[in-house]
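See structure below.
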Amino acid sequence: MAEPLMADSRRCRLTHFFLYDGSKVTGEGDPTRDGICYFYPEKTPIDQQELLCGQLAGVSRCVSELSSSPVRVLRLRHTKFAIRMEEDLFWALGCSVDFPTVSMSDFLDQLINLFCFYNGPVRQSYQENSREVLALCWSRYLFYLQAGSTELHYIFSCLHTIDSTHIDPLLLLKASLILQACQRCPLVLAGCILFRGKVVSSQMPPDLTVMVMAHETQTYNKDERPNEVSSRVPLSGAVTSTTVHLTLSQLQVLRSTNVDRESRSHSTPSKDSKLPRTRLSRTLSDTPSNDSNTDLEADAPLTPLRLDGLLSPEESAARPAASPPPSHASLRSPEISPFPNRKGPRSGADEEEDEDEKSYYYSFHGGGSDPGCRTPGQEGLAEGLGTSRGTSGNICGGAALPGVGDTNQTLVPMTLYQHRVNGLVLVLLVEPRLQEDADAMEEVYHSSLASLNGLEAHLRTVAPGPPGPQGPYLFAHYDCVQNTLITNVSGGGGRGPGGSFVRAAALLHSHFWNSEALQETIIRSATTAVYATRSVAQETYFLQHGGSVRNSGVPNHQDTAFSLPSKARHRLLKHGVSLL
Amino acid sequence: MKCLLIASDSAEVLFYWTDPEFHKMVQDQYGASQEEGLRPPAFEDSINTLFAPIIISCSTMVDRLGDSYTCFTTESDHIYVLHQFDECLYIAVNGDSDEDEDDLRRKIFVMKKMMEILFGMVTLSSHLLRRELRPQDTEQRTRLWKRLQGLLETYSRLQANDQSFLVEAVERLVHPTLCEQCIEFLERRLVQQLNSSSERAGEEVLHAFILVHTKLLAFYSSRNTSPLSSSDLLALIVMTQNLFPSDPDLDVPGPEDVESASGPEMFYTPEPSPTHRSSSGSDGPAGGDAPMFQFVDPDIQIAEDSLQTLEVAPPPWAPCRVFLEVSLKEGLYPMVPHSMYCLPLWAGITLVLLTKVPSSGLAMSVYVYLEAFAKLEKRLNEGQEGVAAARGQPSIQELRSKLDKFIKALGPCDIQISQLQNVWSEFKRRAFTRGGLTKELIPWCKSMKTQLCGVYKQCFLKETSRGDQQLPPALQEQAQAMMQEKLMDWKDFLLVKSKRNITMTLTQNLTYLEDFPGLIHFICVDRSTGQMIAPSLHVTESSTSELGKGPLAHLIRVKVTTRHYLQNGYATVTLRDGDFYFCYFLWFENEAGYKLEEVDLPVLADDSAPIGMLARDYYRKLLRYYSKNHQGEVVKCYELLSVHLGVIPTDHILQHCRHLASKLWEPSRNPLL
């Protein structure tokens with residue numbers, strides 16, 4: 001396990017990761033090593049491990065006490081650490097200094113969330129399992145999060161999706177139809193379809209998709225079950241299931257998405273998420289196709305979320321609210337972050353619940369061809385719990401924000417149902433009861449079997465095709481809502497234009513993240529000029545090759561750097577990125 | 001909630017400054033753990049206890065990992081910036097989000113710069129600096145710390161309110177005729193008269209300048225004098241402002257200001273009576289007590305009472321010893337002693353004289369020897385021994401004979417000099433007769449450096465050593481009177497002008513509203529001379545703080561974050577932020593105004609000195625870096641920062657910038673040249 005990890009770690013320049021349990025080291029005589037639950041790189045000499053754990057945990061505790069607030073980031077001259085402190089548990093993830101701090105913190109959040117998702121609360125897992133067993137888990141998750149991406153993927157910590165440019169849109173539609181068909185069973189919360197480790201279609205928020213994929217990627221890669229609790233379902237060898245743990249807020253998002261549209265109303269949303277459902281079926285055919293349009297338009301004036309990219313061209317043209325740009329104040333406002341793990345702001349959480357009635361659409365690439373698949377409304381958010389706030393990734397209850405209380409600490413066991421057809425996998429998050437309900441299980445299985453086979457056959461025959469149009473430029477387009485990235489940068493890092501593009505993107509991404517009102521920027525050094533623009537839903541970065549006319553740096557409107565915005569608008573259209 | 005702390009590696013507090021909020025927080029945290037009935041511990045001890053684990057952990061990391069902490073951030077956005085200079089650890093804390101990491105690091109470096117100005121080469125020996133910063137005598141310590149706290153507060157105030165400190169460049173008052181007259185007056189009348197006086201006690205006026213608030217009206221350096229560096233000039237302005245604060249909020253005291261204004265008010269008496277002079281004539285604790293430092297809590301007041309010791313009033317007309325950089329033909333000498341005389345003309349207008357200290361040649365010699373030993377130590381550390389370690393200038397033999405003569409010339413044997421003599425004899429014995437140049441000499445190199453710094457300290461920092469060396473009060477009074485007479489008619493004009501130096505509506509040759517529609521603000525800096533031009537910003541009539549506290553001021557302040565891009569090698573940045581469009585350009589020209597080709601700028605590390613001119617002159621390094629490829633050419637470096645309304649088309653904005661860049665520094669149009 002350690003070997004491929006070492007090879008890959010260069011990419012995100014991960015240097016250290018450890019979990020330290022301070023409660024094991026309380027007395028004067030207790031050796032620090034007793035508190036070290038996991039340390040990466042595993043081959044690090046123990047005294048080195050003790051030094052880092054002891055010093056970092058100690059100094060962080062001291063600073064936290066001074067400021068009455070846990071430490072998030074700790075920097076040294078040659079390395080830096082993302083820190084999470086929760087009671088006596090102390091996580092630190094070390095990266096090289098040039099990796100963006102935002103991305104580093106996201107990485108640590110994802111890692112801890114993954115662990116909690118598959119193993120439940122950290123302390124409890126350490127009571128129930130040996131350190132060796134759990135060490136294997138940590139290293140597996142580290143490996144998964146670092147595997148097979150470019151540096152840009154780390155910077156944006158985004159999902160891996162299939163390259164949709166060579167795929168018949170009908171196939172994507174088909175995928176989302178399969179997912180909806182599965183949802184006819186009320187015990188199914190949400191699902192996603194993966195092909196060869198990449199997302200084809202997903203109904204879940206991106207943070208959940210990432211976690212669900214971890215399991216799939218491992219079974220796909222190793223073709224063996226991990227050591228966790230799982231049970232064979234009698235249906236077929238292709239179906240497996242395993243226990244996972246969701247936070248209440250995640251569960252609420254899923255359950256509220258999964259509602260009966262007919263009984264839904266804007267003014268009086270149902271507050272009970274466990275409402276007994278009157279109908280099983282919620283497929284395309286029984287949804288009035290114009291219904292969603294009305295919903296959207298009703299919502300649109302309230303929604304700063306730009307749905308243009310998701311709507312069909314006619315719809316976005318018809319949408320009155322599409323044209324005025326979102327106000328600056330709402331750029332990072334919470335209403336666009338329904339996902340508990342979104343990299344949203346930590347402020348303004350209070351407004352969130354009022355805004356929960358918005359349309360969100362988690363399916364990838366389905367685009368405008370599939371209006372019925374939209375799931376307008378997030379009703380049923382139990383108000384009393386109030387956990388749908390932007391908790392910045394404290395999924396397993398991290399240092400809970402004031403007001404969130406203990407609700408986030410609670411992890412609810414759920415079941416992850418997985419149906420594999422060669423490279424294609426249908427993953428469903430289902431209520432644990434499904435496993436006892438043989439009929440329902442069978443229904444889910446059979447309702448999707450044929451379509452899955454068909455989809456697999458089609459996807460398999462799709463040739464990977466030539467890489468997208470290369471052109472004399474580099475770009476990266478990050479969708480903050482779906483957490484996906486389109487880019488023509490293949491390698492990343494290193495020297496040359498690719499390297500400087502990645503470095504500039506890292507710098508600008510951090511700046512965007514820190515500055516609410518910043519919309520676009522051009523930065524130029526003697527050899528590189530990069531243009532970046534962002535809206536509430538996306539960030540786009542663009543670099544044009546060539547044109548290396550030496551500039552003096554004095555203000556000059558003929559400077560090629562300033563023509564980048566129009567070039568980007570023009571060039572990126574053929575990648576499906578509209579900057580208009 | 002702000003704090004700045006300097007600690008030795010043994011976790012001893014060498015200096016601290018806190019704002020009232022931080023002060024209260026420390027007391028609360030510490031008071032809670034105290035048993036009832038016991039008097040709370042001295043504040044210094046509390047803060048020491050609180051920070052000790054961080055300081056100790058920091059030195060552990062350095063020792064065992066060769067790495068040190070640079071920054072912590074907490075979930076509530078508290079920022080801790082740490083920086084180690086030799087054996088002193090500086091920690092700056094902000095808990096109210098109005099300073100970012102760069103600001104804190106800047107504060108640390110400015111503090112370091114102030115130390116260098118005040119203590120000179122003593123800062124090169126951690127051992128001596130520790131003793132200097134933390135005198136055994138509590139009274140003395142309190143006085144020193146108050147003075148340093150005052151300087152820090154003054155700097156923070158200027159940095160927050162003054163454009164020239166925001167970009168760290170000197171702003172001149174734009175009035176060519178008057179400037180010229182003043183310079184002439186300084187040269188022909190004032191400096192000449194002072195330097196030809198027989199009573200001047202060996203002091204020689206090298207530089208004389210007039211400040212109107214923080215803006216420079218006239219600057220004169222006598223012939224063949226090394227120019228005053230921008231960094232030093234900015235630091236001296238901070239010191240002058242600390243002595244005679246011209247806090248804009250105090251000029252028009254509102255009801256709430258009355259209390260805070262009462263302190264510095266005495267400096268505003270038009271013609272200071274002798275008693276006032278006594279407290280204003282030197283950089284004493286009275287001047288350091290800036291109005292920002294107010295105590296809100298009675299507990300704090302009690303604790304602070306322990307610090308309110310009897311203050312010995314400094315002698316009237318005492319100059320302030322400052323250590324400035326001197327560049328001579330032979331080379332660059334940092335921290336050469338000078339005396340600074342701040343003569344207040346009227347409230348807000350100050351005449352500053354910098355004089356050469358008779359024995360300043362000694363400081364240069366000490367520096368040469370210090371450097372020689374430092375180089376030798378470095379080579380020995382790198383494992384070079386024998387001949388390899390001895391190469392370089394001056395050669396080891398030359399050093400030996402020179403140092404022998406130097407010590408002999410030091411003359412009367414007091415303890416310090418005899419110690420230097422002893423260490424030097426021991427060094428010679430080991431280096432020239434026994435083992436030669438080996439690693440064993442390393443501690444002796446260190447020891448020589450400490451002794452040299454000790455001699456330096458003895459000569460230039462001891463109170464007694466400068467009692468007799470100063471311009472006699474009568475002479476100073478004469479200078480003050482001459483200048484007052486000269487500027488009497490201009491006084492009110494100057495005070496107003498300093499606040500409306502360049503207005504957006506009209507300057508001599510540019511009418512911004514007509515020529516540049518949509519332009520809101522700009523700052524243009526000539527980094528080769530360290531001077532800036534920017535329109536004055538007035539948000540309201542009552543708030544005369546130049547930057548104000550309005551949203552625009554905030555934006556401009558934030559946009560100085562373009563430094564962050566410069567740090568990463570980007571010399572051109574445009575930002576569309578909210579309703580505004582910001583542009584930043586940095587470029588090079590030769591003396592004829594020909595625009596030189598851009599080169600890739602060096603990328604700086606995260607914890608490197610902040611980009612600016614006050615603490616460490618980044619631009620001087622940049623110019624040196626750039627000039628490598630332009631030998632024999634004078635290279636100039638300019639910066640332009642502009643703020644436009646976001647609705648203006650980008651093309652227009654860029655054309656505006658182009659015009660501004662060419663017009664502002666065009667010799668015929670520029671009102672400054």
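First the proteins, then the strands, lettered A, B, ... as listed; each starts at 1.
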Side-chain (A:Ser552) to main-chain (B:Glu597) donor-acceptor, under 3.5 angstrom:
no

Parallel, tilted or perpendicular: which one describes the rings of A:Phe562 and B:Phe585, with boundaries at 30° and 60°?
perpendicular

Closest non-hydrogen contact found for A:Gly553 with B:Trp587 is C-CB, 3.6 Å

Donor-acceptor pair, distance only, cut-off 3.5 Å: does the side chain of B:Asp607 make one with the backbone of A:Arg77?
no

Chain A contact via B:Leu596 - which portion, at a heavy-atom distance below 4.5 Å
backbone

Using non-hydrogen atoms only, which part of B:Asn568 is less than 4.5 Å away from chain A: side chain, backbone, both, or neither?
side chain

Of the listed residues (B:Lys595, B:His659, B:Met25), which shares the most heavy-atom pairs with chain A below a 4.5 Å separation?
B:Lys595

Chain A interface, residue from B:Cys657, B:Ser68, B:Ala571 that has the most non-hydrogen pairs under 4.5 Å
B:Ser68

Look up atom CG in B:Leu65 and atom CG in A:Leu52, then write down how far apart they are to the nearest 0.5 Å.
5.5 Å

Between OG1 on residue B:Thr74 and CD on residue A:Glu65, distance to nearest 0.5 Å
13.0 Å

Max heavy-atom pairs within cutoff under 4.5 Å with chain A, candidates B:Asp67, B:Ile56, B:Thr70, goes to B:Asp67

Heavy-atom cut-off 4.5 Å, strictly under: side chain, backbone, both or neither for A:Gln48 against chain B?
side chain

Give, as side chain, backbone, both or neither, the part of A:Ala561 having an atom under 4.5 angstrom from any heavy atom of chain B.
neither

For B:Tyr584, which atoms come within 4.5 Å of any heavy atom of chain A: side chain, backbone, both, or neither?
neither

So which part of A:Ser64 gets closer than 4.5 Å to some heavy atom of chain B, the side chain, the backbone, both or neither?
neither

Provide the closest heavy-atom pair for B:Tyr570 versus A:Ala504 in the form atom of the first, atom of the second, distance.
OH-CB, 3.4 Å

What is the distance from atom SG of B:Cys3 to atom CG of A:Leu66, rounded to the nearest 0.5 Å?
8.5 Å

Passes side chain to side chain contact (heavy atoms under 4.5 Å, CB included), B:Tyr80 versus A:Leu74? Steps please.
CA-CA 9 Å; B:Tyr80 294 67; A:Leu74 186 157; over 6 Å; no

CA sep, side-chain torsions, deciding dist, call: A:Gln519, B:Tyr581, side chain to side chain contact (heavy atoms under 4.5 Å, CB included)
CA-CA 10 Å; A:Gln519 295 154 48; B:Tyr581 197 89; over 6 Å; no

What part of B:Phe72 lies closer than 4.5 angstrom to a heavy atom of chain A: side chain, backbone, both or neither?
both

Is the closest side-chain donor-acceptor distance between A:Thr521 and B:Tyr565 under 3.5 Å?
no

What's the shortest heavy-atom distance between B:Val599 and A:Ala526, and which atoms?
C-CB, 3.4 Å

Answer key: most heavy-atom pairs under 4.5 Å with chain A among B:Leu50, B:Val573, B:Thr574 is B:Thr574

Nearest-0.5 Å distance that lies between atom NE2 in A:His557 and atom CG in B:Leu654:
8.0 Å

Considering all heavy atoms, the nearest A:Ser525-B:Gly569 contact
CB-O, 3.1 Å

By a 4.5 Å heavy-atom criterion (distance strictly below it), what part of B:Leu586 contacts chain A: side chain, backbone, both, or neither?
backbone

Contacting region of A:Ser60 [heavy-atom separation from chain B under 4.5 Å]
neither

What's the separation between atom CG in B:Asp577 and atom NE2 in A:His511, rounded to the nearest 0.5 Å?
7.0 Å

Which bit of B:Gln84 is near chain A, if near means a heavy-atom gap under 4.5 Å: side chain, backbone, both or neither?
neither

What do you reckon, is NE2 of A:His78 surrounded by more than 12 foreign heavy atoms closer than 6.0 Å?
yes

Of all the heavy-atom pairs spanning A:Gln55 and B:Ser57, show the shortest one and how long it is.
OE1-OG, 2.7 Å

B:Glu75 side-chain N/O to A:Val71 backbone N/O, donor-acceptor pair under 3.5 Å
no

What residue, out of B:Thr60, B:Ile653, B:Val93, has the most heavy-atom pairs lying under 4.5 Å from chain A?
B:Thr60

Nearest 0.5 Å please: distance from the CD1 atom of A:Ile523 over to the NE2 atom of B:His564.
9.0 Å

Please flag which part of A:Ile83 lies under 4.5 Å from any non-hydrogen atom of chain B: side chain, backbone, both or neither.
neither

Heavy-atom closest contact (B:Asp606 atom, A:Val97 atom, distance):
OD2-O, 4.4 Å

Residue selection (most heavy-atom pairs with chain A, distance under 4.5 Å) from B:His78, B:Met61, B:Met1
B:His78

